[in-house]
Amino acid sequence: MSAVTHGTDLDDRPSVAAIADALERARLTVTPIAQSSVSAPLGLATAYAVQHDLTGRRVASGDRIAGLKLGFTSRAKARQMGVDDVILGSVTDRMRIEDGGGFDPRTCIHPRIEPEIAYLLGADIDTDRVPDPAAIAAVAPALEIIDSRYRDFRFDLGDVIADNTSAAAYAIGPWVRPAEAGSFDNRAVRLEFDGRIVQTGSTSAILGDPGRALAAAARLARVHGFELRAGMILLAGAATVAVPVPRAGVVEATVAGLGRVSISIDGEGDE
Ligand code: OOG
Ligand code: MG
């Protein structure tokens with residue numbers, strides 16, 4: 001077996017547990033690490049095994065799985081990070097920031113923020129079938145904070161999957177029933193810092209049509225061993241590129257016709 005074979009799941013490289021240990025330590029000590037794939041890219045199966053190991057550790061320490069998140073559903077994001085595949089990660093209740101709540105960026109290595117749409121699942125999803133969009137009970141504007149545990153926010157596909165898709169924190173605005181929201185493709189999305197627009201985009205950037213996010217999540221969930229259950233949220237992916245979190249101020253995302261969500265950043269007070 002060769003350590004330089006591309007994209008394999010061979011065992012002549014650090015074990016799943018060793019990679020998970022390094023990523024967990026990076027998160028807890030707020031210290032970045034080198035990519036795990038320096039010698040050879042992680043295969044998808046290994047990468048998701050590392051991610052599941054990390055999620056399992058968080059659940060063992062008292063976190064509850066609140067839902068799943070898609071990554072790289074928008075071309076803007078995929079281009080920004082130099083990858084071209086949709087990925088799936090988990091978010092927990094302890095990652096949640098209340099709408100209007102505070103976030104201290106010093107808890108992260110190099111946090112970035114991005115505007116998203118969140119879905120609330122009203123029914124369990126049978127991942128063996130094409131999901132019925134009626135399973136979406138509510139939709140809301142969302143903010144996601146991502147924080148790669150890799151140095152300089154640089155990674156390849158396997159690395160970022162192993163790192164639970166850079167998940168760090170998220171906030172969700174008021175839920176709206178799909179019937180009241182109307183069609184939510186092609187809605188203008190705005191990201192503002194203290195009232196200043198820093199990114200604009202459209203929900204149509206999210207896989208062309210955000211309704212397709214559920215189908216993509218179900219497909220990845222089936223292949224890589226995730227569950228999509230009633231009551232879970234699904235972050236559908238950023239509509240714009242991610243922007244470094246400012247040291248202080250209010251960050252707000254607005255989705256036209258849907259609503260807004262904000263968090264207040266405070267990285268300047270005493271710890
Ligand atoms: C990976 C996470 C991507 C999204 O919405 O596309 C993501 C990263 O960019 O670090 O959350
Ligand atoms: Mg995201």
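Residue numbers count from 1 along this sequence. All values derive from a computational prediction rather than experimental measurement. Just follow the structure's listing: the first ligand is 1, and inside any ligand the first atom is 1.
For residues 197-232, every residue pair satisfying the ring pair (Phe, Tyr, Trp, His ring centres under 6.0 Å) rule, not counting sequence neighbours, is listed here: Tyr48-His224, Tyr48-Phe226, His52-Phe226. Evaluation of the salt bridge (Lys or Arg N to Asp or Glu O under 4.0 Å) test over residues 223-244, restricted to residues two or more places apart or in two chains, returns Asp124-Arg229, Glu227-Arg229.
Applying the side chain to side chain contact (heavy atoms under 4.5 Å, CB included) test between Glu192 and each of Val251, Val250, Thr200, Thr254 identifies Thr254 as the sole match.
Summarising the geometry, atom CG belonging to Asn164 is positioned 4.5 Å from atom OG1 belonging to Thr55; distances are rounded to the nearest 0.5 Å. For the atom pair OG1 of Thr73 and CD1 of Ile87, the computed distance is 9.5 Å after rounding to the nearest 0.5 Å. One finds the CD1 atom of Ile161 at 7.5 Å from the CG atom of Asp85 (value rounded to the nearest 0.5 Å).
Annotation: side chain of Leu191 is not in contact with side chain of Glu114 (no heavy-atom distance under 4.5 Å).
Within 4.0 Å of ligand 1, protein heavy atoms belong to Lys69, Leu70, Gly71, Phe72, Lys77, Met81, Glu114, Glu116, Glu144, Ile146, Phe153, Phe155, Val160, Thr165, Ser166, Gly237, Ala238, listed by chain and number.
Looking at Thr203, its side chain does come within 3.5 Å of a backbone N or O of Asn186 through a donor-acceptor pair. Counting only distance, with no hydrogens or angles, the side chain of Arg64 and the backbone of Asp93 share no donor-acceptor pair below 3.5 Å.
Excluding water, every protein N/O/S atom under 2.8 Å from the Mg ion (ligand 2) is given here by residue and atom: Glu114 OE2, Glu116 OE2, Glu144 OE1.
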